[in-house]
2 protein chains.
Amino acid sequence: MRRPAPDRGRTLLGPALQLIHTGQAPTRSALTGALDVTRATAGAVTGELEALGLITVDSRPAGGGRGRPSHRLALAEDGPVVIAAQIHADGVSVSLAALGGQLLEPLHLPLPAATDPVRLLRAVAEAGAGLARGSRRRCLGIGLALPNPVTEPDGTALAALHFGWPSGTPVADLFAEEIRKADLGPKARTAFPSAIANDANLAALAEHRHGAGRGSRHLLLVTSGHRGVGGALVIDGRLHTGSAGLALEVGHLTVDPQGRPCPCGNRGCLNSETDPDALFAAAALTPDPALPLFGQARELARATDPAARAAVDHVVDRLGLGLAGLANILNPDRIVLSGLHLDLLAAAPERLAAVVAERCLWGRSGRVPIVPAQVRHAGLVGAAELAWEPYLVDPQAVAEV
Amino acid sequence: MRRPAPDRGRTLLGPALQLIHTGQAPTRSALTGALDVTRATAGAVTGELEALGLITVDSRPAGGGRGRPSHRLALAEDGPVVIAAQIHADGVSVSLAALGGQLLEPLHLPLPAATDPVRLLRAVAEAGAGLARGSRRRCLGIGLALPNPVTEPDGTALAALHFGWPSGTPVADLFAEEIRKADLGPKARTAFPSAIANDANLAALAEHRHGAGRGSRHLLLVTSGHRGVGGALVIDGRLHTGSAGLALEVGHLTVDPQGRPCPCGNRGCLNSETDPDALFAAAALTPDPALPLFGQARELARATDPAARAAVDHVVDRLGLGLAGLANILNPDRIVLSGLHLDLLAAAPERLAAVVAERCLWGRSGRVPIVPAQVRHAGLVGAAELAWEPYLVDPQAVAEV
DNA sequence: CTGACTTTGTGCCGCTACTGAACAAAACAC
DNA sequence: GTGTTTTGTTCAGTAGCGGCACAAAGTCAG
């Protein structure tokens with residue numbers, strides 16, 4: 001009994017909703033087992049979630065084994081939604097999102113002409129508000145994924161490379177203010193909560209709940225995109241972002257003492273050795289400056305000609321050293337690769353696994369499976385998770401206002 | 001209500017005992033505030049802990065401010081004890097330990113002639129049992145610190161360099177068996193629990209609860225000793241040992257691309273750049289093979305002649321690079337240095353801080369204080385914490401059998 | 001010294017979220 | 001049809017905590 005406090009409600013409500021949300025409890029009896037409670041409790045909990053309009057209990061047979069079939073638990077088709085948003089180098093993505101990790105209607109907008117913090121955040125808020133007004137479902141909050149580190153708990157953004165935002169911009173506060181001013185329609189909560197976080201962290205959360213990280217207890221995600229290499233760690237279902245939100249800045253791990261110079265001052269950082277530029281450099285090619293670099297690099301990683309394969313092998317070896325270094329420090333039980341690293345994994349899975357295994361201390365005990373990311377629009381899905389978070393902790397919050 | 005389960009007892013009992021144990025709740029009213037409960041609850045909890053014989057409530061005035069003075073909470077003078085033990089390169093240490101992090105009578109024994117797992121563990125078990133028999137206080141368990149990585153949750157030891165134990169030796173099981181066979185005297189529990197863990201991890205736990213890590217939420221400990229460089233991480237008061245207990249193997253982080261070769265195959269690993277040998281190499285000296293290397297290195301770190309200072313600076317620079325790399329990945333709010341690294345910190349604190357700050361990404365937001373370890377016999381104190389752990393989670397367990 | 005004030009400890013009641021047992025319901029096996 | 005197995009529900013019972021009222025033990029002002 002961890003401070004139940006009369007205003008808190010049933011403690012099992014949150015864990016139960018999370019299990020249904022992540023598809024781990026498709027039936028009432030599965031929920032009973034997963035929560036390790038009596039059937040009576042599971043019944044009370046599902047009844048309450050149904051009363052909150054979050055789930056539906058289907059009494060039709062679920063088929064299968066002996067005994068009375070268990071009722072299927074489904075997320076309510078007309079339940080509440082949240083707004084998920086993401087700012088990236090190419091533009092802004094927004095979508096409504098229901099429980100279950102599904103994006104209802106992902107929308108991709110170009111960047112507005114002015115990308116100063118207030119105007120860009122206003123554009124995000126207004127795009128999200130438009131979706132909320134256009135839906136007949138109740139809207140409960142908004143989550144925003146940003147392409148830069150976000151400090152905790154104050155929510156300032158550091159080093160927004162693409163937009164020239166000053167380091168320390170109080171994005172959380174600015175965004176909350178723009179949300180407050182936006183017209184969210186009659187279906188929205190009066191005190192409309194907003195939250196921001198880093199996109200790599202949110203992608204890891206999305207993979208853990210709905211993708212390649214399901215069931216993992218120590219999940220490491222490493223991604224390579226426009227902004228360089230990013231990492232994120234999910235421990236026991238919760239993001240580990242360090243003491244100030246700045247953990248898993250893995251881009252400057254040394255992976256090649258004789259490598260290319262990095263702006264950080266060192267040589268051979270994971271960033272400068274495994275990003276799109278590094279792949280082109282390894283292939284002795286120059287990308288077409290008229291086309292997006294990232295897409296060209298992904299194509300190059302998938303190419304089958306010997307020169308491309310050799311370049312992939314070269315970069316994969318360095319990626320492997322970086323992953324082994326991280327595995328020795330963090331000892332994850334799974335590594336999920338995303339972005340360009342996903343293509344590198346697809347192009348040379350055995351080679352990557354071999355390099356990591358060779359450098360992993362403690363041999364078999366330290367070995368870790370490396371798998372490709374599965375979630376489309378993981379940043380957006382993660383932003384939705386962020387917006388859902390308060391309700392996954394305490395589902396009774398959906399009934400307030 | 002997180003599964004109170006009638007057999008579990010009061011949920012606040014554990015947190016309350018832990019606060020008293022770590023000195024964070026010297027009075028009843030401090031406990032009320034720290035637990036964020038009503039006075040009535042705090043009263044019931046302290047009453048129950050007193051009934052269990054773990055604490056005493058002193059009704060004498062505590063002096064100070066206005067109002068009725070609060071009762072002082074003290075750990076019972078005749079309360080139960082645990083056995084703490086540690087195996088290191090030089091021998092075996094054992095002690096009885098009460099709550100509060102105090103070792104009652106630390107005893108250091110030389111290594112027995114035969115250091116195969118069973119015989120060494122038997123020697124530890126018998127030394128501990130002797131202390132238990134010699135005390136009039138009830139003995140509740142034993143914790144053992146080992147100088148090698150320990151896998152979780154099965155408790156096997158990997159790569160016991162000094163003793164040639166085969167990797168994968170099931171130390172937890174073997175030790176439990178030796179404890180079962182030892183004569184613990186009439187005061188011991190019938191089912192006498194034993195636990196093992198890695199010494200660096202236990203030292204970090206000790207520093208967090210009773211030393212330089214108090215109050216830290218993300219504590220990184222880095223130590224350099226006979227066995228090379230070790231690390232440990234304590235997050236929110238709990239050890240983070242990764243998915244298999246092998247996290248924080250930080251010895252092979254690259255800190256000098258042009259550095260000395262390391263047995264791992266790379267050059268310039270944190271291990272080979274900041275261990276005792278590295279300090280002597282930087283000073284262009286050779287240690288006296290007749291004397292213990294570690295002590296000579298500590299002396300060299302404290303020497304004031306220019307050659308020694310230059311060697312210290314050289315090694316400190318590399319240690320700083322390693323700490324910065326770890327800080328960028330883990331984002332701790334405090335770094336505690338122990339072993340030879342403590343002496344390096346003492347010799348050049350500003351230089352170390354400057355190197356770390358320079359390489360820490362995100363400038364001020366990422367900066368982290370680096371402090372020296374404070375706990376004497378931290379491995380033993382940590383082993384005591386390990387033995388106390390079940391009772392700090394559920395103090396009612398002391399009443400069972 | 002006296003009384004007001006402040007803070008702390010305690011007894012009592014009630015609430016809430018669970019457990020456990022008994023029973024009913026819905027499938028399959030024969 | 002009758003057993004068997006598994007699931008959902010109903011109904012007490014209970015442990016742990018909050019809230020309140022009151023008593024206790026000190027300080028402070030006069």
Side-chain angles (χ1 to χ4, degrees), chain A residues 1-17 20 25-52 55-73 393-396 399, chain B residues 1-17 20 25-52 55-73 393-396 399:
Chain A
M1 299 212 190
R2 209 136 151 223
R3 306 211 58 233
D7 52 319
R8 282 247 197 128
R10 219 174 270 271
T11 314
L12 291 177
L13 226 50
L17 182 58
I20 302 168
T27 66
R28 250 219 193 85
S29 84
L31 186 67
T32 309
L35 290 176
D36 192 22
V37 295
T38 60
R39 293 194 299 274
T41 305
V45 166
T46 51
E48 204 155 339
L49 289 176
E50 199 177 13
L52 288 168
I55 68 169
T56 54
V57 180
D58 190 346
S59 51
R60 286 176 307 178
R66 279 210 292 247
R68 174 176 173 177
S70 188
H71 294 171
R72 293 203 73 81
L73 302 176
V393 170
D394 176 18
Q396 290 188 326
Chain B
M1 298 211 191
R2 211 138 152 218
R3 308 215 53 238
D7 53 319
R8 282 249 197 126
R10 220 174 270 269
T11 314
L12 292 177
L13 226 50
L17 183 57
I20 301 167
T27 66
R28 252 219 190 86
S29 83
L31 186 68
T32 310
L35 290 175
D36 193 20
V37 294
T38 60
R39 292 195 300 272
T41 304
V45 166
T46 51
E48 204 153 341
L49 289 176
E50 198 176 14
L52 288 167
I55 68 169
T56 53
V57 180
D58 189 346
S59 51
R60 285 178 309 176
R66 279 208 292 245
R68 175 175 171 177
S70 189
H71 294 171
R72 294 202 73 82
L73 302 176
V393 170
D394 176 18
Q396 290 189 325

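Reminder, nothing fancy here: chain letters follow the sequence lines and each chain counts from 1. Excluded from the calculations below are hydrogen atoms, water molecules and symmetry mates; all remaining heavy atoms, backbone and side chain alike, are included.
Under 4.0 angstrom from either OP1 or OP2 of C:dG20 there lies no side-chain N or O belonging to A:Thr38. Residue A:Thr41 places no side-chain N or O under 4.0 Å from the OP1 or OP2 atom of C:dC18.
For B:Arg39 against C:dG9, a side-chain N or O and a base N or O form a donor-acceptor pair under 3.5 Å.
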Which pairs, protein N/O on one side and nucleotides 1-6 of chain D N/O on the other, fall under 3.5 Å?
from  : atom 1 : to      : atom 2 : distance (Å)
D:dT6 : O2     : A:Arg68 : N      : 2.9

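Note: CG (B:Asp58) to P (D:dG26) measures 12 Å, nearest angstrom. One can place CD of A:Glu48 at 14 Å from P of D:dT9, the figure rounded to the nearest angstrom. Nucleotide D:dA24 holds its C1' atom 13 Å from the CZ atom of B:Arg28, rounded to whole Å. Taking atom CG of B:Leu35 as the reference point, atom P of D:dG16 lies 15 Å away to the nearest angstrom. Atom CG of B:Leu31 and atom P of C:dT7 are 19 Å apart (whole Å). Regarding A:Arg72, its CZ atom lies at a distance of 17 Å from the C1' atom of D:dG8, rounded to whole Å. The nearest whole Å value for the distance from the NE2 atom in B:His71 to the P atom in C:dT7 is 17 Å.
Where B:Ala40 and B:Ala30 meet DNA chain C, the nucleotide closest to each residue was compared, and B:Ala30 sits on the side nearer the 5' end.
The structure places CG of A:Leu49 at 5.5 Å from CD1 of A:Ile20, a figure rounded to the nearest 0.5 Å. One finds the CD1 atom of A:Ile55 at 10.5 Å from the CD atom of A:Glu48 (value rounded to the nearest 0.5 Å).
Here B:Ala40 pairs with B:Thr38 under the side chain to side chain contact (heavy atoms under 4.5 Å, CB included) rule; sequence neighbours left out. The side chain to side chain contact (heavy atoms under 4.5 Å, CB included) test applied to B:Pro15 returns B:Leu35, not counting sequence neighbours.
Of the possible polar contacts, none joining the A:Thr41 side chain to the A:Val37 backbone as a donor-acceptor pair under 3.5 Å is found. Proximity of a side-chain donor or acceptor of A:Ser70 to a complementary backbone N or O of A:Thr27 within less than 3.5 Å is not detected.
The closest side-chain donor-acceptor pair between A:Arg39 and A:Thr32, if any, does not fall under 3.5 angstrom.
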